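As structure tokens, the structure follows; a few thoughts come after it.
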Amino acid sequence: MKRFTSIVITGASSGIGDALARCYAEPGVALALIGRDQPRLQAVAEACRAKNAIVHIGQIDVTDRTALAAWLTRFDDAHPVDLVVANAGISIDKDNSSLDDFSRIHKTMDVNVGGVLNTIEPLLPRLMQRGQGQIAVVSSLAGFFGLPYSASYNASKAAVRVWGESIRYVLKKHGIGVSVICPGFVVSPMTATAPFPTPFLMSAERAAAIIRRGLARNHARIAFPIGIQAAVWLGQTLPGRWTARLLGA
Ligand SMILES: NC(=O)c1ccc[n+]([C@@H]2O[C@H](COP(=O)([O-])OP(=O)(O)OC[C@H]3O[C@@H](n4cnc5c(N)ncnc54)[C@H](OP(=O)(O)O)[C@@H]3O)[C@@H](O)[C@H]2O)c1
């Protein structure tokens, strides 16, 4: 079981990232909380400091590769990172509007894929040099096959899932664990605006506890809840034309 003492969380100002920060906050833990909304970040930081964690706030857009790298390396100098959770993400084509406006697709890829890479890139050489650490890539159970909504979101989550799964093999030789996190529906502003059903909706606190347990065990994939997992398994197992027909195409 791994215990982490210097933790980077992007997208810490809301939803799953917020809950993860609070879940890890305890004496002896340094947290790097990254997001764009200063008041919300500040509120999470206060809650974590109240639990006696050391907290640094980075008000940074994860698509800003240079600013993020500079901030993360400074944090790592002060508190050598042993867990990085690339969690920041957006879902802006739930209504399929991205087919009318491809800039939404580019934006989704920039944040959900580029942002993950920008988060891990500056820390990876340092983790490799130290020969330890854990990387968590936040994907989604929406990233396993095409769905009738959120095309660019689903594609971005498939990209980071497969990337994370692949680098796990390489980084194992360097003593670094990689976990891909695939939540179903979790209560957050992201699901609050979903124009489709969100079965098996789970609280962010419960999701954070499951993620924490999986990361401590270096699980390759941390997927939940079982109900959505089962549906995804079925969708992947059936011939593509059956899955498409079941989903209405
Ligand atoms: N909720 C779900 O059901 C669900 C299911 C599967 C996967 N996920 C994934 O879990 C992750 C967290 O989602 P959530 O539900 O917690 O959503 P959320 O409540 O909307 O939070 C998203 C977080 O990402 C941050 N963020 C977005 N764009 C950013 C940018 N350009 N730069 C820096 N930070 C940025 C936001 O920070 P600011 O607001 O401060 O910019 C916020 O803290 C996402 O990757 C999402 O795709 C969620």
Side-chain angles (χ1 to χ4, degrees), residues 8-23 31-45 57-69 71-72 84-94 104 106-120 136-144 147 149-161 163-164 179-208 210-211 221-225 227-229 231-232:
V8 172
I9 303 171
T10 65
S13 58
S14 176
I16 296 172
D18 171 336
L20 267 179
R22 293 172 199 254
C23 178
L31 294 169
L33 306 182
I34 295 166
R36 293 166 304 175
D37 188 290
Q38 180 76 12
R40 279 194 276 111
L41 267 183
Q42 197 63 49
V44 180
I57 287 179
Q59 191 190 4
I60 309 166
D61 190 314
V62 291
T63 63
D64 188 339
R65 185 180 178 190
T66 310
L68 190 58
W71 193 90
L72 285 173
V84 51
V85 187
N87 166 72
I90 55 171
S91 175
I92 53 174
D93 69 344
K94 293 193 255 302
R104 297 174 88 80
H106 289 289
K107 177 74 184 161
T108 301
M109 295 298 170
D110 286 350
V111 176
N112 293 5
V113 181
V116 167
L117 303 181
N118 293 344
T119 304
I120 293 166
V137 173
V138 178
S139 172
S140 169
L141 283 174
F144 285 83
L147 297 166
Y149 54 81
S150 307
S152 62
Y153 176 81
N154 303 336
S156 71
K157 292 297 171 183
V160 294
R161 176 176 66 80
W163 183 71
S179 301
V180 176
I181 299 165
C182 300
F185 295 112
V186 176
V187 176
S188 81
M190 192 176 279
T191 43
T193 55
F196 43 76
T198 54
F200 303 102
L201 189 67
M202 177 185 285
S203 75
E205 292 70 27
R206 175 135 174 69
I210 293 170
I211 292 168
R221 181 182 296 164
I222 303 168
F224 56 88
I228 307 274
Q229 255 184 289
V232 167

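These figures come from a predicted structure and were not determined experimentally. Whatever order the structure lists ligands and atoms in, that order sets their numbers, starting from 1.
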Could you measure the distance from the [atom1] atom of [X] to the [atom2] atom of [Y]? Nearest 0.5 Å is fine.
X: Thr10; Y: Leu72; atom1: OG1; atom2: CG; answer: 9.0 Å
X: Gln42; Y: Ser13; atom1: CD; atom2: OG; answer: 12.0 Å
X: Ile9; Y: Thr119; atom1: CD1; atom2: OG1; answer: 12.0 Å

**OP:** Could you tell me whether Arg65 atom CZ has more than 12 heavy atoms of other residues or ligands within 6.0 Å of it?
**Re:** no
**OP:** Apply side chain to side chain contact (heavy atoms under 4.5 Å, CB included) to Val62 and Asn118, showing your working.
**Re:** CA-CA 7 Å; Val62 291; Asn118 293 344; 5.5 Å; no
**OP:** At a heavy-atom distance under 4.0 Å, which protein residues reach ligand 1? Sort them by chain and number, would you?
**Re:** Gly11, Ala12, Ser13, Ser14, Gly15, Ile16, Gly35, Arg36, Asp37, Arg40, Ile60, Asp61, Val62, Asn87, Ala88, Gly89, Ile90, Val111, Val138, Ser139, Ser140, Tyr153, Lys157, Pro183, Gly184, Phe185, Val186, Ser188, Pro189, Met190, Thr191
Original post:
Will you find, in the side chains of Asp110 and Thr63, an N or O donor that is under 3.5 Å from an N or O acceptor?
Top reply: no
